[in-house]
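One structure below.
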Amino acid sequence: MTVRLGDTLTGEVRPLEPLEPGHVRVYSCGPTVYGPAHVGNFRAFTFDDLLVRYLRFRGFRVTWVMNVTDVDDKIIKAAAAEGVGIEEISARYSKVFLDDLATLGIRQPDVLPRATENIPQMVALIQTLLEGGHAYRTDDGSVFFRIASWPDYGQLARLERVDANEMRVGERVEADEYGKDDVRDFALWKGPKPGEPSWDTAIGPGRPGWHIECSAMSMRYLGESFDIHTGGVDLIFPHHTDEIAQSEAATGQRFVRHWLHNAFLQMGGQKMAKSTGNIERVPEIVARGVPARALRLALISAHYRTALSFSEESLDAATAAVERLDAIVAALAAYQSDAAGDDPTVGALLDGAREAFVAAMDDDLNISPALAAVFDLVRELNRRIAARSMSTADAGRALQALRDLDEVLGLLPPADDALTPELQALLDARAAARAAKQWAESDRLRDALAERGIAVEDTRDGQRWRRQVASRV
RNA sequence: GGCGACGUGGCGAAGUGGCCCAACGCGGCGGUCUGCAAAACCGCUAUUCAUCGGUUCGAAUCCGAUCGUCGCCUCCA
């Protein structure tokens, strides 16, 4: 069994064969920190996280790099609007971004390079392109990539048959991009302008173009050729198309082995986008009572190349599903066997679930059947809990098996959760009340615990508690 | 206009030639258990996969047409 992954460039799904056996190098297009990202953006990042977690689960060493674009038109604009430097804007929203990642259980990339800290690398790349005849300067100090010098241009976006003159991009050339030889040519370096940040470099003053940073930073940390590059479908053209052209023109090597592009989050039948106005942000959703883990589930619950519907209903469904997971965790943790011996079929049950999970995820991260494998296991474990057919050790093994799979999913409640003395006292008092059949007192204590966010359930294993997933407001 | 994706139950979403009268999650209905509650379990909830034709022994899965939806082509995850 091997991990198979898609590739936008060829349209096929094929085995992942890392350039360095056992070590996968992943580059993810990260945020432009000009404002807070919305949940639609986080579909990409939850997908990146799922990919990396799964590769590590499968035993690969993974080096994961995600860029942070901290200089670009929008940041300059935002800074100007507030009368502050771009550093202030990018620092502020980098923090917001990292907070949101943490909320969603997205692990931090190994490297989070910033564009402004990689200017020399970009300049070096541009120099190579100039020397190789793939780039040219214009009067305003800008440098453009010469698409005519790169016959393979546009394969990723399947533009090969498109006549340059028919490309609509030609109708929408930005005012500051005059002087280009060909309308399709794109800026590697933007000449200096009053009121804009500028770096003095070997190719003259100015600031980097949009695409060059990803080429420079990915090559710096992952090499001239690496395994996986991720991003949203919207980046296929022009961003990734241009990255391929400039990178391969500079190095003569194949840039990326697998291009993985996630589809959009849909809300109200359209993609969630700032321009459409149908956006929501992570802190807003959490603030109105949606558990962060439910939000994470809602974002990862469909295959990455499929448009995913996002709505109140999908959040409610995800919340209920997460509660189901919480319930099985609490039940397994509380389970005490009635002195029965180990159930000899539990091992096969757990192995079977893991195999089904792995088979699904190996197939281009097919999350739906993988989740189905988990929920099938949950149902079967619930049956056995009800039937009291497992030993206490069986229940422990089952919980561990779930936690193993959760290394990939990131949906289970924390394992090291402990009650405060106050809550524990309430719980103990309720147990005593129940033992004395003081139902009114027992119910009162249950309500008191519920008000403090602890759900108590009575079972043959005694009281069982779990933290209530936040309730909707 | 060019390129591409997609239309599966009340909702979300798997399945891409026979295991499908279609997984899984959510919701609904009925039941079991229980001091009550909750959780859980059991049963029911699409003879059907946008529509119409075709290929095939056999299609949700392949082909064609039609209708519809969405995305990219401009910043965008």
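Values below: all heavy atoms of this structure, side chains included; hydrogens, waters and symmetry mates excluded. Chain letters run A, B, ... following the sequence lines, proteins first and then strands; every chain starts at 1.
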Rounded distance in Å - CZ (A/Arg184) to C1' (B/rG2)
14 Å
Might you point out which heavy atoms bring A/Gln108 and A/Leu98 nearest each other, and give the distance in Å?
NE2-CD2, 3.8 Å
Find the distance A/Arg460:CZ to B/rU34:P and express it as a whole number of Å.
8 Å
Under 3.5 Å, is there a donor on one side chain and an acceptor on the other for A/Arg384 and A/Thr345?
yes
How would you label the contact of A/Gly231 with the nucleic acid (heavy atoms, under 4.0 Å): base, sugar-phosphate, or nothing?
sugar-phosphate
What's A/Ala263 touching, base or sugar-phosphate or nothing? Going by heavy atoms closer than 4.0 Å.
base
Would you check if A/Leu51 and A/Val26 make a side-chain contact, meaning some heavy-atom pair closer than 4.5 Å?
yes
The correct set of residues in residues 101-108 of chain A placing a heavy atom under 4.0 Å from RNA chain B is none
Tabulate atom names and distances for all N/O pairs under 3.5 angstrom spanning the protein and nucleotides 39-41 of chain B.
unit_1, atom_1, unit_2, atom_2, d
B/rA39, O4', A/Glu457, OE2, 3.4
B/rA39, O2', A/Arg464, NH2, 3.4
B/rA40, O3', A/Asn382, ND2, 3.0
B/rC41, OP1, A/Arg324, NH2, 3.1
B/rC41, OP1, A/Asn382, ND2, 3.3
B/rC41, OP2, A/Arg324, NH1, 3.2
B/rC41, O3', A/Arg383, NE, 3.4

Quote, to the nearest angstrom, the P distance that separates B/rC49 from B/rA60.
7 Å
Given B/rC72, is OP1 or OP2 found less than 4.0 Å from the side-chain N or O atoms of A/Lys271?
yes
Whole-angstrom distance between B/rG18 and B/rC62, as gauged at atom P:
11 Å
Tell me yes or no: between the side chains of A/Asp242 and A/Gln246, is some donor less than 3.5 Å from an acceptor?
no
Give a yes or no on whether the backbone of A/Glu12 and the side-chain of A/Asp7 come within a donor-acceptor separation of less than 3.5 Å.
no
In whole Å, what is the span from the NE2 atom of A/His239 to the C1' atom of B/rC73?
17 Å
How far, in whole Å, is B/rU16 from B/rA22 if one measures between their P atoms?
16 Å
Polar pair under 3.5 Å, donor/acceptor by atom type, side chain A/Asp316, base B/rG27
no
Report the distance from atom CD of A/Gln155 to atom P of B/rC73, rounded to the nearest whole Å.
20 Å
Do A/Ser314 and A/Ser309 have side-chain N/O donor and acceptor atoms under 3.5 Å apart?
no
Gap between atoms CG and C1', on A/Leu299 and B/rA13 respectively (whole Å)
15 Å
In short, A/Arg296 meets A/Val408 closest at the heavy-atom pair NH2-O, 3.7 Å
Presence of donor-acceptor pair under 3.5 Å, side chain of A/Asp458 and base of B/rC36
yes
Would you check if the side chain of A/Arg14 reaches a backbone N or O of A/Leu5 as a donor-acceptor pair within less than 3.5 Å?
no
Pick the P atom in B/rG68 and in B/rU74, then give their distance to the nearest Å.
26 Å
Using whole Å, what does the distance between atom P of nucleotide B/rG15 and atom CD1 of A/Ile367 come to?
12 Å
Nearest to the A/Ala320 side chain among B/rA13, B/rC26, B/rA77, which nucleotide is it?
B/rC26
Nearest-Å distance for atom pair CZ/C1', residues A/Arg281 and B/rA77:
14 Å
A/His229 and A/His258 aromatic centres sub-6.0 Å
no
Taking the side chain of A/Thr306 as heavy atoms from C-beta outward, which of B/rC72, B/rG35, B/rA14 is closest to it?
B/rA14
Pick the C1' atom in B/rC20 and in B/rG9, then give their distance to the nearest Å.
14 Å
A/Ala321 side-chain proximity, nearest of B/rG25, B/rG71, B/rU74:
B/rG25
With no hydrogens and no angle check, just 3.5 Å: does a side-chain donor-acceptor pair link A/Ser391 and A/Asp394?
yes
Give me the distance, rounded to whole Å, that separates B/rA77 from B/rA38 when you measure between the P atoms they each carry.
44 Å
How about A/Asn67 and A/Glu213: does a side-chain donor come under 3.5 Å of a side-chain acceptor?
yes
B/rG35 and B/rG27, which share atom name C1', separated by this distance in whole Å:
30 Å
Looking only at heavy atoms, which two atoms of A/Asp70 and A/Arg114 are closest? And how far apart?
OD2-CB, 3.3 Å
Do A/Asp72 and A/Thr32 have side-chain N/O donor and acceptor atoms under 3.5 Å apart?
no
Using the ring pair (Phe, Tyr, Trp, His ring centres under 6.0 Å) rule, pick out the option among A/Phe97, A/Phe47, A/Phe310 that qualifies with A/Phe42.
A/Phe97
Quiz item: A/Arg43 side-chain donor-acceptor pair to B/rA77 base, under 3.5 Å
no
What's A/Leu235 touching, base or sugar-phosphate or nothing? Going by heavy atoms closer than 4.0 Å.
sugar-phosphate
With C1' as the reference atom in both, quote the distance from B/rA46 to B/rC57 in angstrom, rounded to an integer.
26 Å
A/Asp234 or A/Asp376, whichever maps to the more 5' nucleotide of RNA chain B
A/Asp376
Which whole-number value in Å describes the distance from A/Arg305 CZ to B/rA14 P?
11 Å
Would you mind building the protein contact string for nucleotides 7-12 of chain B? One character per nucleotide, 5' to 3', B for base within reach (heavy atoms under 4.0 Å), S for sugar-phosphate only, - for untouched.
-----S
Among B/rC24, B/rA14, B/rG35, the one nearest any side-chain atom of A/Arg434 is B/rG35
The side chain of A/Phe375 is closest to which nucleotide in this list: B/rC72, B/rG25, B/rA14?
B/rG25
